[in-house]
Amino acid sequence: MKLDSGQLPWESTLSNPPVYKTLDGDITCDCLIVGGGMGGAMTAYRLSLTGASAVLIDKRAVAGGSSHANTGLLQIANDKSLTACINTFGEANGVLFYKLCQEAMGKILELPSKLDMDPQIIPRSSLLYASTPEDVPMLRQEHGTLTAHGFDSEFWDTDKIGAHYSFSKPAALYSRGDAETNPFRTVHSLINKAHSGGVSIYEHTRARHYEYSADGVICYTDHGRIFAKNVIFAMGYETQEMKKDRGAELINTYAIKTRPLASMPKWHEQSLLWETARPYLYFRTTPDGCIIAGGKDEQLTDPDRREVRVLSQCQLLLKEVEALFPEIAGVEAEFSWGAVFGSTRDGLPYMGPHPDYPHCYFIEGYGGNGTVYSMIAADLLADTLAGRSRPELELFSLTRSAKPSPAPAVQPT
């Protein structure tokens, strides 16, 4: 699967990234992680803290898949509001999902002090603004839901928004506790730390096929075999080509990174920005004084067509930036790209076991909060492999109903 098109910004931000050898021969391990993107990196790092015998492989170079196209917005809030989650899954499970995201964000914000390479994870606030006046009642309701359950939220009116930004909108929710990151550096930082903690890393090592037995799984690669007691598939959207019940709806999405600005526009705390419209636009800044904008989602087409669409869709994104911040009119995009993006029908990611794959677990962090989901999955699966029950996995079951109804609460441990 070709995951991205166009010019991607992140690789140039890390000179001489760590490189790892290709597997040549047979090895054994307690856990094999397949995939060297964000999900695999988070899991490898988490397992390295437990002392487990773990191996990570990727058919590309580390961070060479969807991590290249990740725009690096990390938030507690999700594409699916807390109010909507409660309506879909019941109050206890809806709140549990948001609490897991909040906990994961807290752990992500702690990473810079624990990693040897700077992942460029920077704390940020967020502003979710109403795209139209008709969305204001929904924002008021969401504000009430968030505050009732202990989440940080402030309701801002038109005047307050205009006092803090170059633009004004009918209303907005302002919140704290989020972050921005350089996803390429974050993946490399996590895998580098996992490697120094004892996890074996192999790049350019393709898993050809698997044999499942009562004792574990044998993974056959081009030049060797891996005998694993358990396997974690952290292959992102490429697991859609592996399972019959795919579960995700894939689309094309687009993003730009501007050239460095002479000065930042009126942008309160350089907060993360997004809107109530679906599909939505989103915006963030970077440490080198640029703006990243993303959105303009459209139906998934073949990669060649996406290549053609990158230019026109990214020109539209540039106009959206200028519309919000007129004082930087004429800003140019230095990088423009498109990528595969996936979401689930009910708005929750998938993670956990699957009945057709014994001794295996999946991480499918589909949705706009994939990095946060990866941290949740890494925690839940590391505990599961260590023998600790994590019933929260039921919330993210790969075999859950495609048409959920409010269910009995999952009791976290």
Side-chain angles (χ1 to χ4, degrees), residues 71-87 98 101-102 105 122-180 253-256 258 261-286 289-297 315-331 347 368-369:
T71 48
L73 283 79
L74 312 179
Q75 296 175 293
I76 296 168
N78 285 263
D79 294 359
K80 191 182 183 87
S81 68
L82 177 57
T83 304
C85 285
I86 289 172
N87 290 339
Y98 262 61
C101 291
Q102 184 181 53
M105 269 304 314
I122 302 170
R124 293 292 184 209
S125 55
S126 285
L127 190 83
L128 169 63
Y129 61 81
S131 304
T132 67
E134 290 74 22
D135 292 338
V136 174
M138 180 271 289
L139 276 185
R140 285 192 182 279
Q141 182 183 26
E142 179 67 1
H143 169 66
T145 305
L146 288 166
T147 55
H149 293 285
F151 295 97
D152 186 77
S153 176
E154 296 178 8
F155 186 88
W156 286 19
D157 61 17
T158 299
D159 291 342
K160 189 163 186 177
I161 298 168
H164 288 81
Y165 297 89
S166 299
F167 56 87
S168 191
K169 296 292 179 179
L173 298 187
Y174 169 84
S175 58
R176 302 170 185 84
D178 296 331
E180 68 183 36
T253 190
Y254 300 90
I256 59 169
T258 69
L261 305 176
S263 60
M264 273 292 159
K266 185 180 176 183
W267 189 328
H268 180 60
E269 299 177 339
Q270 296 183 35
S271 58
L272 311 181
L273 305 176
W274 57 314
E275 62 172 341
T276 55
R278 294 293 185 270
Y280 59 86
L281 301 169
Y282 59 89
F283 309 87
R284 56 160 286 201
T285 60
T286 67
C290 304
I291 295 174
I292 290 175
K296 299 298 178 185
D297 304 348
Q315 282 298 318
L316 294 176
L317 285 172
L318 204 54
K319 291 180 180 178
E320 298 285 359
V321 172
E322 292 180 335
L324 281 182
F325 302 104
E327 64 267 48
I328 59 170
V331 64
N369 228 5

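Residue indices begin at 1 and follow the sequence shown. Computed from a prediction, not measured in an experiment: that's the story for all the values here.
The shortest distance between side-chain heavy atoms of W267 and I291 falls below 4.5 Å. Looking at L281 and L273, their side chains never come closer than 4.5 Å, going by heavy atoms from C-beta outward. Contact of the S125 side chain with the Y174 side chain is registered, since non-hydrogen atoms from C-beta on lie closer than 4.5 Å. Side-chain contact check for L139 versus T276: some heavy-atom pair is nearer than 4.5 Å. Residues T83 and I86 are not in side-chain contact: their nearest non-hydrogen atoms beyond the backbone lie 4.5 Å or more apart. Counting only heavy atoms from C-beta outward, the side chains of Y165 and S271 approach each other to under 4.5 Å. Residues N78 and C101 are in side-chain contact: their nearest non-hydrogen atoms beyond the backbone lie under 4.5 Å apart.
When atom types are taken as modelled, the side chain of E327 and the backbone of K266 share a donor-acceptor pair closer than 3.5 angstrom. In this structure, the side chain of T158 engages the main chain of P170 through a donor-acceptor pair within 3.5 Å. Put simply, the side chain of Q270 never gets that close to the backbone of R284: no donor and acceptor are under 3.5 Å apart. Looking only at distances, no side-chain donor or acceptor of S153 sits under 3.5 Å from a matching main-chain atom of T147.
Scanning all heavy atoms of the two residues, the minimum distance from G177 to I76 falls at O-CD1, 4.0 Å. Nearest heavy atom pair, residue G368 against residue Y280, reads CA-OH, 4.2 Å.
When the side-chain contact (heavy atoms from CB on, under 4.5 Å) test is applied to I122, the partners found at least two apart in sequence or on another chain are R124, E180, P287. With sequence neighbours excluded, the residues that form a side-chain hydrogen bond (donor to acceptor under 3.5 Å, both in side chains) with R176 are D152, E154. Under the ring-ring contact (aromatic ring centres under 6.0 Å, His included) criterion, H149 pairs with no residue, sequence neighbours left out.
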Step by step, work out the side-chain contact (heavy atoms from CB on, under 4.5 Å) result for H143 and L146.
-> CA-CA 5 Å; H143 169 66; L146 288 166; 5.8 Å; no
Check against side-chain hydrogen bond (donor to acceptor under 3.5 Å, both in side chains), Y282 and Q75 | CA-CA 12 Å; Y282 59 89; Q75 296 175 293; over 6 Å; no
Check against side-chain contact (heavy atoms from CB on, under 4.5 Å), Y98 and T145 | CA-CA 11 Å; Y98 262 61; T145 305; over 6 Å; no
For T258 and I328, what are the C-alpha separation, side-chain angles and deciding distance, and is it a side-chain contact (heavy atoms from CB on, under 4.5 Å)?
-> CA-CA 11 Å; T258 69; I328 59 170; over 6 Å; no
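Using a cut-off of 4.0 Å between Lys/Arg side-chain N and Asp/Glu carboxylate O, K169 and E275 are scored as not salt-bridged.
Rounded to the nearest 0.5 Å, atoms CG (L127) and CD1 (I161) are 6.0 Å apart.
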